[in-house]
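Note sheet for the following structure.
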Amino acid sequence: MNNNGSTALGLILGAAIGATLGILYAPDKGVKTRERLAEEANNAKDRFASGAMEMRDQVASSLQTKKVDLESQLEHVVTNASYKADDVITTLEKKLQELKSKNKKFQKTS
């Protein structure tokens, strides 16, 4: 998870804790306090769910970008390897031709 996701999660949790503490220390009746706590808990749950979905989307987007980058790099490596293999094959063919020429000198003519 990236730093932005951790920061967003920290802010959401901090806001929820702050709101809960503010309600607990407010001079209201117990019934009102419980209602406000339930309301704040629901709001915090909604904010947390929203933040989690946002982080999920960011991670999915980041993974997609990394996948495209990796595929591009892999294609580049395969292409370079193909060119190198072609160079090696060409060099081996030249050496083989040289060896065939040298070998003909040692063969007896019938």
Side-chain angles (χ1 to χ4, degrees):
M1 187 179 299
N2 62 18
N3 210 9
N4 291 338
S6 298
T7 302
L9 182 60
L11 288 173
I12 291 170
L13 290 175
I17 291 170
T20 303
L21 288 175
I23 291 171
L24 285 174
Y25 284 104
D28 270 338
K29 291 184 177 184
V31 173
K32 265 192 169 178
T33 300
R34 284 190 294 275
E35 287 174 359
R36 288 177 68 188
L37 279 174
E39 183 180 320
E40 285 298 322
N42 283 332
N43 289 341
K45 180 184 78 165
D46 292 342
R47 287 191 302 266
F48 182 76
S50 175
M53 290 175 74
E54 184 179 322
M55 282 189 279
R56 181 199 65 196
D57 292 343
Q58 287 176 353
V59 168
S61 175
S62 177
L63 286 175
Q64 182 62 30
T65 301
K66 299 289 185 201
K67 179 183 173 191
V68 169
D69 289 347
L70 181 61
E71 288 172 347
S72 174
Q73 289 175 357
L74 182 60
E75 185 177 329
H76 182 69
V77 167
V78 168
T79 300
N80 284 344
S82 176
Y83 283 120
K84 297 281 185 198
D86 201 35
D87 289 344
V88 168
I89 290 170
T90 302
T91 302
L92 288 173
E93 287 173 339
K94 286 178 184 177
K95 292 291 182 186
L96 182 60
Q97 192 61 38
E98 288 174 13
L99 287 172
K100 282 182 178 181
S101 295
K102 286 181 182 178
N103 191 38
K104 282 187 180 182
K105 292 178 186 177
F106 294 115
Q107 291 177 354
K108 294 181 183 178
T109 55
S110 309

To the closest 0.5 Å, what do you measure between [atom1] ([X]) and [atom2] ([Y])?
X	Y	atom1	atom2	value
Leu99	Lys102	CG	NZ	6.5 Å
His76	Thr79	NE2	OG1	8.0 Å
Leu63	Gln58	CG	CD	12.0 Å
Ile17	Ile12	CD1	CD1	12.0 Å
Asp86	Thr91	CG	OG1	9.5 Å
Arg47	Leu13	CZ	CG	10.0 Å

**Report entry** side chain to side chain contact (heavy atoms under 4.5 Å, CB included) partners for Lys67, two or more places apart
**Finding:**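 Result, side chain to side chain contact (heavy atoms under 4.5 Å, CB included) vs Lys67: Gln64, Glu71.
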Report task. Could you give me the CA-CA distance, side-chain angles and deciding distance for Ser101 and Lys105, then say whether side chain to side chain contact (heavy atoms under 4.5 Å, CB included) is met? Result -> CA-CA 7 Å; Ser101 295; Lys105 292 178 186 177; 5.9 Å; no
Query raised in the report: Checking Thr65 side chain against Ser61 main chain: does a donor-acceptor pair fall under 3.5 Å?
Result: yes
Report task. Please list, chain by chain and in numerical order, all residues satisfying side chain to side chain donor-acceptor pair (under 3.5 Å) with Asp87, sequence neighbours excluded. Result -> none
Report task. Compare all side-chain heavy atoms of Thr90 with those of Lys94 and state whether any distance is below 4.5 angstrom. Result -> yes
Query raised in the report: Among the clusters formed by ILVMFWY side chains lying less than 4.5 Å apart, do Met55 and Leu11 turn up in the same one?
Result: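 In one cluster: no.
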